[in-house]
Amino acid sequence: RPSAQDNRAINKVLTNGGRWYVDGAHPEYSTPETTNARDLVLFEKAGERIADRCREVANRTLAPHQQLVLYKNNSDGKGNSYGYHENYLVARSVPFETLVDGLTTFLVSRIIFAGAGKVGSENGAESCAYQLSQRADFFETLIGLDTMAKRPIINTRDEPHADEERYRRLHVIVGDSNMSEVSTYLKVGTTALVLAMVEDGALRKDLALEDPVRAIKEISHDTTCTRKVRLKRGKELSAIELQREYLDLVRAYYATVEQAPQVTDLLERWERVLTQLAEDPRQCARELDWVIKQELIRSYMSRKEVGFDDQRISMLDLQYHDVRRDRGLYYMLCRAEKVDRLFDDETVERAMSVPPQTTRAKVRSDFINFASEHNKSYDVGWSYLKLNDRYQRTILCKDPFKPTDPRVDELISSA
């Protein structure tokens with residue numbers, strides 16, 4: 001069993017180009033770099049499988065009456081919250097204030113389709129039986145560096161793992177850990193579309209909120225999605241109306257530039273989900289986590305004739321996020337074909353070991369596979385590769401968009 005120091009130092013770069021490590025005493029998985037939202041969803045799901053595989057192996061070392069269980073969620077129901085972090089590479093030339101102004105209202109209101117759902121409230125927030133987001137109650141300020149105290153809606157961490165003169169890393173901590181592939185796809189996909197528009201200076205509407213910290217809680221606590229929040233200019237709009245504003249702006253922006261098929265798909269899904277939420281959120285009971293979970297809970301409460309104060313309801317909330325495919329409630333619904341998916345099991349299994357083919361992750365994976373097959377000592381980071389032979393050769397890979405590198409090919413052939 002590793003010592004506390006060893007535990008902190010555990011850091012495994014994976015053959016799919018991602019990373020698996022210990023962060024603050026809990027396991028954390030980082031996907032490899034991806035160029036599109038579909039790939040991101042695929043490699044996030046692969047990360048769930050990797051975590052579960054590790055859980056299975058770890059349980060073999062425990063006594064028969066003990067077992068380890070992993071939940072992919074954001075709250076333990078006892079006042080503690082832990083994050084789900086999205087990272088977007090953006091141009092260094094874009095002022096940070098421009099990102100704050102362009103993204104705040106979008107991030108606050110996107111929880112109507114990106115929320116994972118939560119029974120009750122925490123962190124001194126107004127009492128509620130059920131809400132859209134697991135993270136909303138824990139945000140206390142607009143901008144800041146912290147991720148574990150005084151959590152900000154906009155985080156200022158900036159480690160681009162790339163050419164820092166060209167890029168910054170936008171570190172988004174305001175999102176929930178989703179089980180639904182569609183929720184994740186919409187969450188990261190729409191954010192990337194809005195970011196592209198903001199980067200190009202094409203956001204030409206003032207949608208600034210009067211109080212974003214209060215607004216994210218008000219939106220989260222309203223499962224009808226009709227509650228209005230106040231803008232700085234005095235107008236009041238619901239989260240659906242705010243998202244429609246962004247959708248219209250993004251449509252106008254992409255009408256002037258080349259539109260990839262996935263952009264078209266995201267825009268269509270985004271519009272359809274907003275329409276369904278406006279008519280009746282239950283129409284999204286195959287796609288959005290908070291609705292899927294709410295319907296599951298409603299069905300259980302009806303059968304058992306209990307309310308949200310029954311402890312079994314909180315347990316249902318937790319078990320929805322169990323990553324075990326034979327026990328987790330989300331995966332139970334998958335087996336029953338009651339939720340929509342983007343990928344089949346075989347595709348997800350392959351992504352556990354095969355990297356994206358369009359980013360630097362492929363270079364990293366090729367190098368790791370070579371060094372492992374030839375029993376060579378090596379070090380790997382997001383932006384460097386090092387072969388620990390007598391030459392101690394290190395190669396910096398600062399361009400995340402290059403899936404091949406002649407220097408690495410030469411290093412492998414010479415070794």
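Along the sequence shown, residues carry numbers from 1.
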Given Asn73 and Tyr82, is the side-chain hydrogen bond (donor to acceptor under 3.5 Å, both in side chains) satisfied, shown in steps? CA-CA 8 Å; Asn73 73 338; Tyr82 25 90; 3.0 Å; yes
Using 30° and 60° as the class boundaries, would you call the ring planes of Trp270 and Phe106 parallel, tilted or perpendicular? perpendicular
I need the minimum non-hydrogen distance between Arg393 and Ser414, along with the two atoms involved. NH1-OG, 3.1 Å
Side-chain donor-acceptor pair under 3.5 Å between Asp101 and Thr98, yes or no? no
Under 4.0 Å between a side-chain nitrogen and a carboxylate oxygen: does that hold for Lys398 and Glu165? no
Got a salt bridge between Arg92 and Asp158, using NZ or NE/NH1/NH2 to carboxylate O under 4.0 Å? yes
Residues Ser81, Glu122; criterion side-chain hydrogen bond (donor to acceptor under 3.5 Å, both in side chains); working and verdict: CA-CA 9 Å; Ser81 179; Glu122 291 185 83; over 6 Å; no
Which pair of heavy atoms, one from Gln262 and one from Tyr185, lies closest together, and at what distance? CG-OH, 3.3 Å
Does a side chain donor of either Gln131 or Ser220 reach within less than 3.5 Å of an acceptor in the other side chain? yes
Please determine if Lys78 and Asp76 form a salt bridge, counting it only when a charged side-chain N lies under 4.0 Å from a carboxylate O. no
Residue pair Val69 / Gln67, side-chain heavy-atom distance below 4.5 Å: yes
Go through the steps for Asp317 and Ser314 under the test side-chain hydrogen bond (donor to acceptor under 3.5 Å, both in side chains), then give the verdict. CA-CA 5 Å; Asp317 185 353; Ser314 295; over 6 Å; no
Between Arg55 and Asp52, does at least one N-O distance fall below 4.0 Å, as a salt bridge requires? yes
Does Gln357 CD have over 12 foreign heavy atoms under 6.0 Å away? yes
If you round to the nearest 0.5 Å, how far is NZ of Lys118 from CG of Leu318? 10.0 Å
Please confirm whether the backbone N or O of Leu396 pairs with a side-chain atom of Arg407, one donor and one acceptor, at under 3.5 Å? yes
How about Ser177 and Asn74: does a side-chain donor come under 3.5 Å of a side-chain acceptor? yes
Within-4.5 Å side-chain heavy-atom neighbours: Trp290 and Cys284: no
Flag the pair Leu296 / Met332 as yes when at least one side-chain heavy-atom distance between them is below 4.5 Å, and no otherwise. yes
Would you say that Pro261 contacts Asp265 through its side chain, given a criterion of any heavy-atom pair below 4.5 Å between the two side chains? no
Distance check, rounded to the nearest 0.5 Å: Lys293 atom NZ versus Leu132 atom CG? 11.0 Å
Pairwise distance CZ(Arg168) to OG(Ser93) - rounded to 0.5 angstrom: 9.5 Å
From Phe139 CZ over to Ser133 OG, what is the distance, rounded to the nearest 0.5 angstrom? 7.5 Å
Salt bridge or not for Glu295 and Lys338, using N-O below 4.0 Å? no
Using the six-membered ring of Tyr84, assess whether NZ or CZ of Lys187 lies under 6.0 Å from its centre and within 45 degrees of the ring axis. yes
Quick one: pull up CG in Leu277 and CG in Leu288 and give me the separation to the nearest 0.5 Å. 6.0 Å
Single hit among Arg169, Arg110, Arg135 for salt bridge (charged side-chain N to carboxylate O under 4.0 Å, His left out) with Glu86: Arg110
Could you go step by step and tell me if Tyr320 and Asp289 meet the side-chain hydrogen bond (donor to acceptor under 3.5 Å, both in side chains) rule? CA-CA 9 Å; Tyr320 180 83; Asp289 273 316; 2.5 Å; yes
Is there side-chain contact between Cys334 and Val339, with at least one heavy-atom pair below 4.5 Å? yes
Matching residue for Val348 among Lys45, Glu48, Glu44 - test: side chain to side chain contact (heavy atoms under 4.5 Å, CB included): Lys45
How are the rings of His161 and Trp382 set relative to one another: parallel (under 30°), tilted (30 to 60°) or perpendicular (over 60°)? tilted
If we ignore hydrogens and angles and just use 3.5 Å, is the side chain of Asn59 paired with the main-chain N or O of Leu68 as donor and acceptor? yes
Tyr254 and Met197: CA distance, side-chain angles, deciding distance, side-chain contact (heavy atoms from CB on, under 4.5 Å) verdict: CA-CA 8 Å; Tyr254 275 96; Met197 177 178 67; 5.9 Å; no
Ion pair check, Glu218 and Arg214, cut-off under 4.0 Å: yes
Note: Leu247 and Leu274 closest approach over all heavy atoms is CD2-CD1, 4.2 Å
Before accepting this row, confirm whether a basic side-chain N of the pair Asp366/Lys362 lies closer than 4.0 Å to the acidic partner's carboxylate O. yes
